[in-house]
Protein chains: 2
Amino acid sequence: MADQTPSGESLLFLTDEQLRKGIEAMFFAYRGFTADPDRILEGMDYGRAHHRAIHFIHRSPGTTVSNLLTILGVTKQSLNRVLRTLVEDGLVEARVGRRDKRERHLHLTAKGQELERELSDAQRARMRAAYRAAGPQAVTGFRQVLEAMMDPELRRQYQGLKEGGA
Amino acid sequence: MADQTPSGESLLFLTDEQLRKGIEAMFFAYRGFTADPDRILEGMDYGRAHHRAIHFIHRSPGTTVSNLLTILGVTKQSLNRVLRTLVEDGLVEARVGRRDKRERHLHLTAKGQELERELSDAQRARMRAAYRAAGPQAVTGFRQVLEAMMDPELRRQYQGLKEGGA
DNA sequence: GAAGTTACGTCAGCCTTGTTGACTTTCCAA
DNA sequence: TTGGAAAGTCAACAAGGCTGACGTAACTTC
């Protein structure tokens with residue numbers, strides 16, 4: 001359909017067929033992306049929602065519940081259910097804020113860190129294999145396209161992670 | 001941690017931190033990836049599951065129920081619930097097989113094609129914007145990493161799509 | 001032609017994870 | 001002191017996964 005080359009460079013990569021392949025690649029790759037943690041979690045009483053909470057608490061120790069709410073993009077009731085079981089099971093500690101006692105600052109316990117490690121080891125192993133197979137240049141492109149695909153607010157959160165801690 | 005360069009080339013792209021960023025990029029990008037179709041679907045009685053069915057029926061017209069089952073990786077009860085509503089609402093037609101009358105060959109009706117177009121226009125628009133922003137070289141890398149991330153069986157299905165039709 | 005297998009549909013029941021709405025408690029800040 | 005933000009809780013519900021069991025038609029094999 002659109003295979004003219006207005007600039008010097010071919011725009012064949014923007015054809016509907018190429019875009020469709022990209023869409024399907026996202027679909028199948030995301031299945032692989034979540035497969036390993038899902039396997040570890042099944043049988044334990046946890047699911048993907050617990051994994052996400054654990055991941056971002058690990059990433060930003062001391063983060064508050066509402067921070068987490070924003071990052072995960074779910075309702076507080078949904079998050080609360082997940083968080084409650086993690087606290088009950090002793091994987092997450094919710095410390096009352098010192099300056100603002102309404103806030104709960106979230107930390108992984110030793111037990112929580114153990115599960116986090118198990119989950120992220122599995123997920124990183126797959127990423128590492130994929131990165132290695134594709135090479136550094138491909139990885140750069142991978143990250144560029146993914147960033148461009150995010151909603152602007154999410155992109156800001158993604159880029160701002162790491163400063164997000166307590 | 002692993003910043004030595006055993007081959008000529010830097011392996012900094014394989015550090016845990018880089019891998020973690022990649023994991024988070026997948027998470028946030030997938031949210032963006034599904035956001036537009038989700039928005040269109042909400043309010044109609046359909047969800048992401050209907051979208052996936054419609055997508056792959058469009059992609060491989062005449063595909064059978066069990067083909068779809070394999071591609072989507074869900075149970076037949078799950079798929080059936082979705083398919084039933086799509087057939088009832090006149091978006092999908094299930095034709096009894098000519099050679100093997102046990103099979104149902106799935107096709108989109110005109111109405112189904114209309115919704116498919118609306119959904120994929122939105123999703124492609126986002127992909128196109130991302131592709132354009134990142135450039136053709138980045139897109140190549142993007143696809144390479146995603147393919148490497150898939151489970152081998154899924155990768156074969158991904159690559160084999162397009163031949164999958166009736 | 002009988003027996004077994006395959007493809008599909010369906011009933012019933014369960015789980016996770018999301019939603020909305022209403023309400024309370026705590027506590028900071030104007 | 002009062003308004004509002006942060007957090008938690010209860011109840012109810014929906015989508016979309018899952019398992020297990022069962023039925024039927026049609027194809028395949030002996």
Side-chain angles (χ1 to χ4, degrees), chain A residues 27 30-31 34-35 37-57 62-89 92-106 166, chain B residues 27 30-31 34-35 37-57 62-89 92-106 166:
Chain A
F27 173 68
Y30 200 78
R31 292 251 296 272
T34 56
D38 282 358
R39 237 185 315 270
I40 293 171
L41 259 354
E42 94 176 356
M44 324 179 68
D45 269 357
Y46 305 130
R48 223 174 266 184
H50 300 84
H51 180 197
R52 291 197 283 262
I54 288 173
H55 175 99
F56 285 108
I57 293 171
T63 191
T64 62
V65 172
S66 55
N67 270 343
L68 211 47
L69 241 34
T70 310
I71 289 170
L72 296 176
V74 297
T75 59
K76 64 176 176 174
Q77 293 89 334
S78 226
L79 176 58
N80 194 256
R81 178 170 35 201
V82 165
L83 238 32
R84 197 190 322 153
T85 69
L86 291 175
V87 170
E88 278 169 5
D89 297 351
V92 167
E93 194 189 349
R95 298 183 197 153
V96 172
R98 298 208 309 155
R99 284 179 34 188
D100 185 337
K101 293 180 193 164
R102 292 166 304 178
E103 294 180 344
R104 299 289 180 276
H105 296 276
L106 303 170
Chain B
F27 173 69
Y30 200 77
R31 290 252 295 274
T34 57
D38 282 357
R39 237 186 314 271
I40 293 170
L41 259 354
E42 95 176 356
M44 324 179 69
D45 270 355
Y46 306 129
R48 224 174 265 185
H50 300 84
H51 181 197
R52 290 197 284 261
I54 287 173
H55 175 99
F56 286 107
I57 293 171
T63 191
T64 62
V65 172
S66 55
N67 270 344
L68 210 47
L69 242 33
T70 310
I71 288 171
L72 296 176
V74 296
T75 59
K76 65 174 176 174
Q77 293 89 331
S78 234
L79 176 58
N80 191 256
R81 179 170 34 199
V82 165
L83 236 33
R84 198 189 319 154
T85 70
L86 291 175
V87 169
E88 277 170 5
D89 297 352
V92 167
E93 193 189 350
R95 298 181 197 155
V96 171
R98 298 209 310 154
R99 284 179 35 188
D100 186 337
K101 291 181 195 164
R102 291 169 307 177
E103 294 179 341
R104 299 288 181 277
H105 297 276
L106 303 170

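Only this structure's heavy atoms are used, side chains among them; waters, hydrogens and symmetry mates stay out. Protein chains get the first letters and strands the later ones, always in sequence-line order, with residue 1 at the start of each.
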Residue A:Thr75, side-chain heavy atoms: nucleotide from C:dG9, D:dT9, C:dT19 that is nearest: C:dT19
Sugar-phosphate only, base, or nothing, as touched by A:Ser66 at under 4.0 Å among non-hydrogen atoms: sugar-phosphate
First encountered from the 5' end of DNA chain C, between A:Val96 and A:Arg52: A:Arg52
N/O (side chain, B:Asn80) to phosphate O (OP1/OP2, C:dC8) under 4.0 Å: no
Aromatic ring proximity, centroids under 6.0 angstrom, A:Tyr30 and B:Phe27: no
Atom pair distance, as rounded to whole Å: CG in A:Leu79 and C1' in C:dT16: 15 Å
Note: A:Glu103-A:Lys101 ion pair, threshold 4.0 Å (strictly below): no
Touch class at under 4.0 angstrom, heavy-atom based, for A:Arg81 against every strand present: base
Check: B:Thr85 side chain, B:Val82 main-chain N or O, donor-acceptor pair, under 3.5 Å: yes
Nucleotide C:dC11, atom P - distance to CZ of B:Arg84 in whole Å: 6 Å
Residue mapping more 5' on DNA chain C - nearest nucleotide basis, A:His50 or A:Arg98: A:His50
Integer-rounded Å distance: D:dG16 C1' and B:Asp38 CG: 13 Å
Student check: side-chain heavy atoms of B:Val74 and B:Leu68 closer than 4.5 Å: no
Spacing between B:Asn67 atom CG and C:dA7 atom C1', to the nearest angstrom: 12 Å
Donor/acceptor link under 3.5 angstrom from B:Gln77 side chain onto base of C:dG13: no
Below 4.0 Å: OP1/OP2 of C:dT16 and any side-chain N or O of A:Arg48: no
Among C:dT19, C:dC8, D:dT19, the one nearest A:Ser78 by side-chain distance: C:dT19
A:Lys101 NZ - D:dA6 C1' separation (whole Å): 15 Å
Nucleotide D:dG17, atom P - distance to OH of A:Tyr46 in whole Å: 25 Å
Check: B:Arg102 main-chain N/O paired with B:Arg104 side-chain donor or acceptor under 3.5 Å: yes
Residue B:Lys76, side-chain heavy atoms: nucleotide from D:dA7, C:dT17, C:dG9 that is nearest: C:dG9
Nearest-angstrom distance from the residue atom CD of A:Glu42 to C1' of C:dT16: 13 Å
Between C1' of C:dC8 and CG of B:Leu68, the distance in whole Å: 13 Å
No-H, no-angle donor-acceptor pair, A:Arg102 side chain to D:dA5 base, under 3.5 Å: yes
